[in-house]
**Q** 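Take a look at this one; I'll ask things after.
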There are 2 protein chains.
Amino acid sequence: MTTLDETDLEILRLLVEDARRPYSDIAERVDRSAPTVSDRIDRLREIGVVRRFTVDLDRSTFTEGAEVLVELELEPAAGDRIAEGLAAVDAVEHVLTTADARLFAVATVRPERVRSMLANAIDLSRVESLRVHLLEDRVWSPHVGDADLALECDECGSTVTGGGHSLELDGRRYHFCCPVCRSRFEERYASLSESA
Amino acid sequence: MTTLDETDLEILRLLVEDARRPYSDIAERVDRSAPTVSDRIDRLREIGVVRRFTVDLDRSTFTEGAEVLVELELEPAAGDRIAEGLAAVDAVEHVLTTADARLFAVATVRPERVRSMLANAIDLSRVESLRVHLLEDRVWSPHVGDADLALECDECGSTVTGGGHSLELDGRRYHFCCPVCRSRFEERYASLSESA
DNA sequence: GATGAAATTAGTTCAAG
DNA sequence: CTTGAACTAATTTCATC
């Protein structure tokens, strides 16, 4: 896991919101120059944090058919091939596979065509159960975790307010809601390191 | 539903793939000038086909926690409020609600924090069942339907190759794999209209 | 790493078909 | 609905800190 500084996170947040925002605008908001923003974005692409610049489309405005969520229970061994088969289908936008051998696919398709779409894309004999949910609403709200705002205490889990109590151990920063939690965590960490 | 021409669809495809591609580059590929591409993209934004320009992030490179799919079965009346509550949570990226009163949310969170995250975001008393799936893989493959390439016959469902056999009835165009399917469809349509 | 100034490249406006 | 030419704006390079 890469550790990004607050400037990188803010750049990501601004790009998620509007990837066409001029670098000069981003630069102003993060209090750096435009070339710096350009360099950092290049770096974020190189290390794979930014997969690509893209557009979020509302398919319902130009595609026939309804959005459906297809839920498959698979033979444990079949997962990867089936996921690939589905991802290649034009109507399928998302494919999720779970550790418990299920697969969820979001597709835009006429409901009466779901079966034939599946039959063409994958080997249905390796599917143990199939459910199709009609989607009513779909929200994509990409957030970038804000290290200073929506943080949970690493000791007790409650929300950390203010910027107060943190601790760096072995190159990773931990955050706490109060000094009590911080010292408890510190003690546990010390005895853990000792026994290792 | 808006009808987009083949040029619009190709522009969308190119933008989905790389939204930073210069307009001159897009212009060349769709055989139009850069100002035309600019105008069309503006129009696509205005009519809501393009929701926004954004970046696709690989959160696993910089976020702690695993990706999970939370599946809730809701009291039928509770859907919207609960979806809103979840979408507002920083760790939650997607929220899907289904016609059968289920809700699916994709989140990046430490698995032992899922319960507390849900308890903070929503009223759990309105949730009838809760399942958490650990996600193994997640693929986003945004396609833009190609009207000429990946079309299914409106009579028999098989793939339509070539541009041959189509029919316009009451303002909507239907596509067929062969003239036989076209005339069968035409007959059924005629008798259907008659009885209505 | 970061910067300002210069050079390059991209995007938009506009008059016209 | 489209275009080429002119104009405006954004991005990258580079010398320097």
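Below, chains carry the letters A, B, ... as their sequence lines are ordered, and counting in each starts from 1. Hydrogens, waters and symmetry mates play no part in the numbers below; they use all other heavy atoms, side chains included.
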**Q** Measure the CG-OG distance between A:Leu74 and A:Ser129 for me, rounded to the nearest 0.5 Å.
**A** 8.5 Å
**Q** Let me know which of B:Glu67, B:Glu64, B:Glu93 forms a salt bridge (Lys or Arg N to Asp or Glu O under 4.0 Å) with B:Arg59.
**A** B:Glu93
**Q** Does a side-chain N or O from A:Thr36 land closer than 4.0 Å to OP1 or OP2 of C:dT3, or not?
**A** yes
**Q** Using whole Å, what does the distance between atom C1' of nucleotide D:dC1 and atom CZ of B:Arg43 come to?
**A** 10 Å
**Q** Roughly, in whole Å, what's the span from CG in A:Asp18 to P in D:dA10?
**A** 12 Å
**Q** My understanding is that only one of B:Ile11, B:Leu9, B:Asp8 makes a side-chain contact (heavy atoms from CB on, under 4.5 Å) with B:Val30; could you say which?
**A** B:Ile11
**Q** Using atom CG of A:Asp5 as one end and atom P of C:dA2 as the other, report the distance to the nearest whole Å.
**A** 8 Å
**Q** Calculate the interatomic distance between A:Phe53 atom CZ and C:dA10 atom C1'; express it in whole Å.
**A** 15 Å
**Q** Whole angstrom is fine here: how far is it from CZ in A:Arg32 over to P in C:dT3?
**A** 6 Å
**Q** So if I take the C1' atoms of five pairs at each end of the helix from C:dG1-D:dC17 to C:dG17-D:dC1 and get each local axis, what angle do the two axes make, rounded to 10 degrees?
**A** 30°
**Q** Is A:Asp31 atom CG crowded by more than 12 heavy atoms from other residues, nucleotides or ligands, each under 6.0 Å away?
**A** no
**Q** Where does the angle between the aromatic ring planes of B:Trp140 and A:His94 fall among parallel (under 30°), tilted (30 to 60°) and perpendicular (over 60°)?
**A** parallel
**Q** Can we say B:Arg131 and A:Asp100 salt-bridge, meaning some charged N sits less than 4.0 Å from an Asp/Glu carboxylate O?
**A** yes
**Q** Going by ring pair (Phe, Tyr, Trp, His ring centres under 6.0 Å), name the pairs with one or both residues in residues 103-128 of chain A, residues two or more places apart or in two chains.
**A** A:Phe104-B:Phe104, A:Phe104-B:His133
**Q** Does A:Arg40 put a side-chain nitrogen or oxygen below 4.0 Å from OP1 or OP2 of C:dA2?
**A** yes
**Q** Nearest whole angstrom, please: distance from the C1' of D:dA10 to the CD1 of A:Ile26.
**A** 12 Å
**Q** Summarise protein proximity over nucleotides 11-17 of chain C in one line of letters, 5' to 3': B for base, S for sugar-phosphate only, - for none, counting protein heavy atoms closer than 4.0 Å.
**A** SSB----
**Q** Write down the distance between CD1 (B:Ile41) and C1' (D:dT2), rounded to a whole number of angstrom.
**A** 16 Å
**Q** For the atom pair CG (A:Leu96) and CG (A:Leu86), what is the distance rounded to the nearest 0.5 Å?
**A** 11.0 Å
**Q** Given the rule that I, L, V, M, F, W and Y join up when any side-chain heavy atoms are under 4.5 Å apart, are A:Ile82 and B:Leu69 in one cluster?
**A** no
**Q** Take atom CD of A:Glu6 and atom P of C:dG1, then tell me their distance rounded to the nearest Å.
**A** 17 Å
